[in-house]
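Encoded as structure tokens, the structure appears first; notes follow it.
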Amino acid sequence: GVDRRISTAALTLGAATLGLSVLPLLPATTAAAWPHLVISMLLHILYFNLIAETYTLGAVSLTYPVMRGVAPALTATIAILGFGEHLGLGGWAGLLLISFGVMLLARRQGNHGEGRALLLAIGNAAIIALYTVNDGFGVRLSHSPVAYGIWTFVLPAFPTSLILLRGRLGQLFTTGNSWRVVRNGFGGGFCSVTSYTLALWAMASAPIAAIAALRETAMLFGLLFAWWFLHERPGQRGMVAALVIGIGAAILDFG
């Protein structure tokens, strides 16, 4: 879409609509999980708004690898400082590789807008790390991983859309080619709900760090898709940087 805010609002509303159609068929989440869902809602409102601003200012091939690659490093930092976990030699090597990859991407940016987009992407990586840790604990208390995952999209959808569209939801249907906006919203919403719910389902019985590492391989697919479908050209530096970030994320969580 031409307007990233409208596209993001359509995605969140599409995801929520699909989620609401499925929730009545699923076991209810436990009361113990709801504090985590409230925190997740607030974090996801920030996440979706930062996504829209980031993609408005910078290319997907620049910002997406940073958001997905820096998040595991920040997740490890939260685990070390907040939960007293130990980071071994492989973990520190992963952190250094991620930092090096981000610096390569930062040197690739060609204008002030992309520099600001890079900062927003790093900020959103912190949000991703926080909601990943929060939801990893929340889903284990829920006794209904699929329902928990769907609620993380249903709860933030309306407030997120109001903020993105400045309170004018009618923009979704008055913008040019509104059918395409709605279609892409449902398509993107389906992919988002399915992918994150699968990740949370896995976190319910497997280590959060390991699942997070596998999930972050999405950055390499994202870079390729930006190249093929959005016709962005990240260049040799961008490709190498994304690969370095991906390797660093894998070493961080598996090393």
[atom1]/[X] to [atom2]/[Y] distance, rounded to the nearest 0.5 angstrom?
X: Trp34; Y: Ile39; atom1: CH2; atom2: CD1; answer: 13.0 Å
X: Leu50; Y: Ile122; atom1: CG; atom2: CD1; answer: 12.5 Å
X: Ile127; Y: Ile51; atom1: CD1; atom2: CD1; answer: 11.0 Å
X: Leu164; Y: Asp3; atom1: CG; atom2: CG; answer: 9.0 Å
X: Thr8; Y: Ile163; atom1: OG1; atom2: CD1; answer: 12.5 Å
X: Thr63; Y: Tyr55; atom1: OG1; atom2: OH; answer: 5.0 Å

Minimal non-hydrogen separation, [X] against [Y], with atom names:
X: Phe153; Y: Ala15; result: CD2-CB, 4.0 Å
X: Val66; Y: Ala121; result: CG1-CB, 3.9 Å
X: Thr197; Y: Val146; result: CG2-CA, 3.6 Å
X: Thr29; Y: Ala147; result: CG2-CB, 3.9 Å
X: Ala33; Y: Leu141; result: CB-C, 4.2 Å
X: Ala117; Y: Leu57; result: CB-CB, 3.8 Å

Neighbour count above 12 (heavy atom, 6.0 Å) for Phe190 CZ: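 For Phe190, atom CZ is not crowded (no more than 12 foreign heavy atoms under 6.0 Å).
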
Any residue meeting ring-ring contact (aromatic ring centres under 6.0 Å, His included) with Phe225, in chain and number order, not counting sequence neighbours: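 Applying ring-ring contact (aromatic ring centres under 6.0 Å, His included) to Phe225 gives Phe229.
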
Non-neighbouring partners of Trp227 that pass ring-ring contact (aromatic ring centres under 6.0 Å, His included), sequence neighbours left out: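 Scan of Trp227 (ring-ring contact (aromatic ring centres under 6.0 Å, His included), adjacent residues dropped) gives none.
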
Using atom types as modelled and distance alone, determine if a side-chain donor or acceptor of [X] lies under 3.5 Å from a backbone N or O of [Y].
X: Ser144; Y: Ala28; value: no
X: Asn49; Y: Ile45; value: yes
X: Thr194; Y: Cys191; value: no
X: Thr17; Y: Leu13; value: yes
X: Ser142; Y: Val139; value: yes

Electrostatic pair Arg5-Glu53, nearest N-O below 4.0 angstrom: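 Salt bridge present between Arg5 and Glu53.
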
Same apolar cluster: [X] and [Y], side chain cutoff 4.5 Å:
X: Val38; Y: Ile128; result: no
X: Trp228; Y: Phe221; result: yes
X: Leu42; Y: Ile150; result: yes
X: Val22; Y: Tyr196; result: yes
X: Leu165; Y: Phe186; result: yes

Per-pair distances, 0.1 Å, donor-acceptor, side chain in residues 155-162, under 3.5 Å, sequence neighbours excluded:
| from | atom 1 | to | atom 2 | distance (Å) |
| --- | --- | --- | --- | --- |
| Thr160 | OG1 | Pro156 | O | 2.6 |
| Ser161 | OG | Thr12 | OG1 | 3.1 |
| Ser161 | OG | Ala157 | O | 2.9 |

His44 ring center near Tyr131 ring center (under 6.0 Å):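 Aromatic pair counts; centres sit under 6.0 Å.
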
Worked verdict on Asp135 versus Ser40 for side chain to side chain donor-acceptor pair (under 3.5 Å): CA-CA 7 Å; Asp135 289 341; Ser40 182; 3.1 Å; yes

